[in-house]
Amino acid sequence: MRRIGVFICWCGANIAGTVDIEKVVEESKKIPGVAYAGEYRYMCSEIGQDMIRDTIIEQNLDRVVVAACSPRMHEPTFRRAAESAGLNPYLVQMANIREHCSWVHKDEEEATRKAVALVRTAVAKASRSVELFSQEIPVERRALVLGGGIAGIQAALDIADAGYEVDLVEKSPTIGGRMAQLDKTFPTLDCSACILTPKMVDASSHPNINLFTWSEVEQVEGYVGNFTVTIRKKARFVDEEKCTGCGDCFEKCPSKVDSEFDEGLVQRKAIYVPFPQAVPNVPVIDKENCRWFVKEKCRVCEKVCEAEAVDLEQEDELLEKRYGAVVVATGFDVLGLEEFGEFNYGKHPDIITSLEFERLVNASGPTGGKLLRPSNQEPPRNVVFVQCVGSRDKSRGKPYCSKICCMYTAKHTVLLKEKYPQSQAYVFYIDVRTGGKDFEEFHRRAVEENDAIYLRGQVGKVFPEGDKLLVEGVDSLSGKTVQIEADMVVLAAAMVPRTDAPEIARLLTLGTDAHSFFTEAHPKLRPVETHSAGVFLAGACQGPKDIPEAVAQASGSASKALGILSKETLLSDPCVSKVDESLCTGCLMCIDVCPYHAITEKTIEEKVHGEVVKRVVAEVNEAVCQGCGACSVACRPGAMNVKGFSNEQILAEVDAVCL
Amino acid sequence: MKVTIESLRSDILKDIADISGENVAECYQCGKCTAACPVNQAMDILPHQVLRLLQLGLVDEVMNSKTIWICASCFTCAGRCPRDVDLANVMEAVRVLLLRERGASRIKAEDMPEILRKGMPEQGIVSGFRKYAK
Amino acid sequence: MSVAREEHNFEPLIVAFCCNWCSYAGGDLAGTSRMSYPPNARVIRVPCSSRVSPNFILRAFQRGADGVLVAGCHPGDCHYITGNYHARRRLSILRRFLGFMGVEPERFEVHWISASEGGKFAEVMTEMPEKIRALGPNRKLRDAR
């Protein structure tokens with residue numbers, strides 16, 4: 001007979017408010033195999049854990065059931081408590097009587113009955129639990145950082161400074177990301193380039209960081225501690241070793257296209273460096289727009305390059321690299337405004353997004369930092385800023401708040417006033433959200449010292465009239481409609497994840513929310529981890545964020561990655577598949593369904609009637625297996641089982657549920 | 001104006017919600033409806049204020065306004081609303097309630113001019129009737 | 001055994017297999033969001049919907065369950081990459097097989113509920129007992145011992 005101990009948690013009033021704890025204790029004692037049943041106010045507290053440890057010893061318990069919150073919350077806690085009493089941690093089962101019971105049912109009698117049933121089910125599973133042991137798996141002590149924006153750079157620098165090698169993979173020709181496009185940063189008005197470029201140089205010159213710009217991750221295999229990643233290093237058509245960065249090639253290149261870095265406000269050449277401070281300062285040829293690749297005529301860049309660095313025969317390289325941990329920092333994009341016809345964005349050059357405004361005020365931008373109307377290159381006088389364009393808009397845009405727009409718009413009004421003291425800024429807003437250090441003070445400065453007029457309301461229509469833009473809006477505080485003749489209209493378009501975020505999520509098996517932001521493992525307590533062990537998140541790929549938040553999260557991710565890299569071995573999760581060789585018929589159906597290629601065939605020798613017979617059976621690589629159990633269902637003779645979720649355990653649970 | 005628990009929970013508010021199928025609490029008063037409205041100049045209370053008054057339970061102020069009769073049922077407000085509140089439906093519901101109170105219509109379907117029968121949204125026609133019937 | 005359950009007072013018993021990463025987490029979210037639903041279903045946590053063997057489902061019906069639910073990640077979002085595709089194929093075959101055996105296939109449902117869909121979890125938990133209630137108790141496969 002088993003000696004199972006049942007520990008029932010009140011969780012303060014969270015469980016005890018709806019479930020009759022006394023009754024559950026009483027009923028638990030009646031379940032066959034249960035040697036002890038007790039309760040405590042907070043089982044997860046130190047006293048609660050001590051109670052579990054001491055009771056296991058005193059009552060000589062061989063299995064433990066904790067009826068409390070979700071096992072996704074505290075299973076590790078109670079396993080540790082059992083381990084401290086010398087019990088194998090996998091002999092602990094949880095009954096979720098909080099999330100799946102007390103919080104969702106109101107009637108005490110019903111909730112109590114269900115709680116008892118859940119305890120009975122957990123006892124049934126526990127009684128068929130067996131001791132499980134983790135394996136030690138070696139760790140590849142290198143990290144991959146995906147995305148070379150400020151978050152990726154920070155994560156790479158932190159890991160590299162701790163003494164581990166990092167590969168920083170960036171899709172575009174240079175690192176720097178969105179921050180490189182910005183002029184000043186709120187609320188201090190630090191020059192963005194002045195604080196970013198030194199970090200970019202640090203990242204490129206750090207002995208532990210290898211930069212892979214103009215590169216993309218193509219395939220990811222493996223698991224925490226042992227990822228194998230295929231990186232496509234796209235052909236740059238310029239030899240990085242030979243290039244001196246003189247710029248003759250892009251001076252002479254005849255093909256022009258819209259510059260991505262300058263948000264399409266100006267054009268770049270087909271061979272280009274996105275901006276003068278780019279790292280590495282080596283041009284790339286954009287194949288789609290290069291005359292040689294499109295029409296097989298030209299090769300001017302090759303002719304003018306004195307260093308003979310242009311190599312039009314270069315091909316993409318596929319590199320296979322191994323890593324112990326991955327930091328994902330793929331950043332954000334700006335929502336397309338096709339759905340928002342009333343703003344006439346894209347139909348008039350003076351109607352721009354905030355990111356375009358950022359380029360127009362930037363000293364490295366298309367106008368050399370002189371803010372000029374794109375239509376006639378004259379200084380603007382009246383500038384209308386519209387907030388929440390596509391943010392907080394569940395019908396045509398995104399339901400979430402993009403978080404940074406209130407602050408950067410305040411910054412834009414200050415920058416406008418700085419450049420043109422005679423100018424006037426108007427801001428249409430729904431709410432001004434200034435949660436952050438010195439944020440409210442900065443917003444007030446925009447209003448009180450820089451005379452920005454804040455109008456609480458939205459804009460219904462923007463249309464050109466003569467050489468002006470007529471803005472029709474409302475100020476809901478005065479209850480009046482408002483018309484403004486503007487020289488420029490700046491739209492604070494919503495922040496969205498990069499378009500390839502779903503693809504990255506698929507490669508790394510990350511979860512995403514409905515908007516394709518990557519989801520963290522726990523919204524409060526595991527904000528940088530993901531549900532894929534060894535993969536961490538940094539920056540706006542997880543949700544709208546400003547620079548300091550992205551940097552803080554990057555350092556958090558780096559420290560989590562270091563937690564893995566600093567170990568020589570990791571303990572594997574023992575809840576993986578296992579073959580009973582005596583039952584295996586060698587049909588190998590399991591190999592086909594395994595998503596991790598964790599199953600192989602092997603030949604064993606057996607003595608049958610005194611003769612040695614060879615036969616084929618399946619073999620599971622426990623380090624690679626993730627324990628999904630697809631193989632166990634595919635297995636015809638029932639030889640494949642999943643430890644911790646065995647056929648015997650699940651059937652016992654079914655029986656107990658139906659009792 | 002006086003805001004009371006009785007007016008916030010009045011039956012007439014429930015009727016407006018039932019008839020329109022809209023939850024006025026979803027409005028966060030951005031004013032997009034007013035800004036987009038082509039006839040806002042002729043209104044005595046502005047479209048977003050209609051929703052605000054209903055949020056505060058001040059149904060009489062809405063019912064006694066010119067706005068609900070000036071509304072052209074063009075649905076621009078509904079199309080632009082970031083919160084998916086169909087204000088045109090809400091206006092219609094208020095008109096329906098008023099007309100139910102006042103009784104029968106003085107206009108027949110045959111009286112409708114030919115021009116209105118082509119390419120006009122159904123609700124536009126119906127609300128046109130309601131307004132004539134006033 | 002629940003043999004003696006009275007017809008007119010029939011409360012369906014539902015066995016729900018929920019994958020650890022999406023649907024079980026969705027159930028947790030329904031809890032943390034304090035959504036309310038009837039207590040008919042008992043959740044059995046499995047690593048993945050592909051862990052759910054038709055054996056488990058048949059056993060549940062045999063032991064007197066009135067309905068069985070399998071819930072997993074949305075197709076394409078499986079934590080184990082392809083698990084729910086396997087589950088989808090296996091379980092759609094099982095559904096036809098249930099009909100062949102004389103068990104109303106409507107007693108068996110498969111839903112894709114992500115970790116962020118607490119509302120959908122509560123909705124399924126509310127609607128399924130109603131549908132089963134209309135079918136009445138499961139008699140066909142009930143263990144007759």
Side-chain angles (χ1 to χ4, degrees), chain A residues 69-73 94 96 98-107 110-111 113-115 117-118 120-121 125 502 505-506 509-514 519 523 531-532 575 593-596 626-635 638 642 644-645 647 649-651 653-659, chain C residues 1-2 13-17 19-22 24-25 27-48 50-57 59-65 68 73 76-83 86-87 90 114-117 122 125 143:
Chain A
C69 50
S70 170
R72 293 169 54 87
M73 185 87 168
M94 286 191 73
N96 184 349
R98 192 178 76 174
E99 281 87 344
H100 286 203
C101 187
S102 69
W103 275 349
V104 288
H105 306 316
K106 291 192 177 111
D107 184 82
E110 279 183 345
R113 201 181 313 133
K114 180 165 169 184
L118 292 175
R120 197 171 54 220
T121 309
K125 186 176 184 189
R506 196 189 56 78
T509 54
L510 303 179
T512 60
D513 66 12
T519 35
H531 278 307
S532 292
C575 297
V593 299
C594 179
Y596 301 100
Q626 300 286 299
C628 68
C631 54
S632 66
V633 181
C635 182
V642 183
F645 290 98
N647 293 328
Q649 286 177 308
I650 297 177
L651 287 172
E653 284 181 275
V654 170
D655 290 355
V657 163
C658 297
L659 213 55
Chain C
M1 287 301 301
S2 43
L13 175 69
I14 295 166
V15 178
F17 296 95
C19 85
N20 181 45
W21 304 98
C22 289
Y24 195 90
D28 283 356
L29 181 64
T32 28
S33 316
R34 308 294 200 277
M35 289 161 178
S36 142
Y37 55 81
N40 302 67
R42 311 266 189 270
V43 173
I44 294 177
R45 185 166 69 119
V46 288
C48 175
S50 70
R51 176 71 189 92
V52 182
S53 164
N55 271 344
F56 304 159
I57 295 160
R59 171 84 144 226
F61 281 126
Q62 229 171 3
R63 290 292 161 121
V68 175
C73 312
D77 286 345
C78 179
H79 180 80
Y80 300 103
I81 311 168
T82 51
H86 294 303
R90 284 172 190 153
S114 80
S116 58
E117 292 177 323
M125 289 295 178
D143 202 338

Value rounded to 0.5 Å, distance of [atom1] in [X] from [atom2] in [Y]:
X      : Y     : atom1 : atom2 : value
A:S532 : C:W21 : OG    : CH2   : 8.0 Å
A:F645 : C:R45 : CZ    : CZ    : 4.5 Å
A:D107 : C:S36 : CG    : OG    : 10.5 Å
A:S102 : C:R34 : OG    : CZ    : 7.5 Å

Please state whether the side chain, the backbone, both or neither of [X] comes within less than 4.5 Å of a heavy atom of chain A.
X     : answer
C:T32 : both
C:F17 : side chain
C:A25 : both
C:H79 : both
C:R90 : side chain
C:N40 : neither

Measure up the A:H100 and C:Y24 rings against each other and bin them: parallel (under 30°), tilted (30 to 60°), perpendicular (over 60°).
->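 It falls in the tilted class, 30° to 60°.
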
Would you say [X] and [Y] make side-chain contact, with heavy atoms under 4.5 Å?
X      : Y      : answer
A:C628 : C:S50  : yes
C:Y37  : A:H105 : yes
A:D513 : C:S116 : no
A:V633 : C:R51  : yes
A:E653 : C:F56  : no

In terms of heavy-atom pairs under 4.5 Å with chain C, which of [options] leads?
options                : value
A:R506, A:E110, A:R98  : A:E110
A:Q649, A:K114, A:Q626 : A:K114
A:C575, A:G629, A:C631 : A:G629

Between C:R59 (side chain) and A:V654 (backbone), is there a donor-acceptor pair under 3.5 Å?
->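 Answer holds: no.
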
Among C:P39, C:S33, C:C19, single out the residue with the greatest number of heavy-atom pairs under 4.5 Å to chain A.
->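 Max contact count across the listed options: C:P39.
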
Name the member of C:L29, C:V68, C:I81 that forms the most heavy-atom pairs with chain A at distances under 4.5 Å.
->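 Most pairs with chain A among the choices: C:I81.
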
Smallest separation among heavy atoms of C:T82 and A:P595, with atom names |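 Taking every non-hydrogen atom into account, OG1-CB, 3.5 Å.
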
Do you know the tightest heavy-atom contact between C:Y80 and A:Y596?
->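 Reported closest heavy-atom pair: CA-OH, 3.2 Å.
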
Residue part contacting chain C, namely of A:N647, when any heavy atom lies under 4.5 Å |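 Both parts, heavy atoms under 4.5 Å.
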
With a 4.5 angstrom heavy-atom cut-off, which part of A:A514 approaches chain C: side chain, backbone, both or neither?
->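 Neither part.
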
Worked verdict on A:S70 versus C:D28 for side-chain hydrogen bond (donor to acceptor under 3.5 Å, both in side chains) | CA-CA 7 Å; A:S70 170; C:D28 283 356; 2.4 Å; yes

Under the side chain to side chain contact (heavy atoms under 4.5 Å, CB included) rule, what do C:V46 and A:I650 come out as? Steps first, then yes or no, please.
-> CA-CA 8 Å; C:V46 288; A:I650 297 177; 3.9 Å; yes

Could you check A:L659, A:D655, A:V657 and say which one makes a side chain to side chain contact (heavy atoms under 4.5 Å, CB included) with C:R63?
->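 Single pass found, and it is A:D655.
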
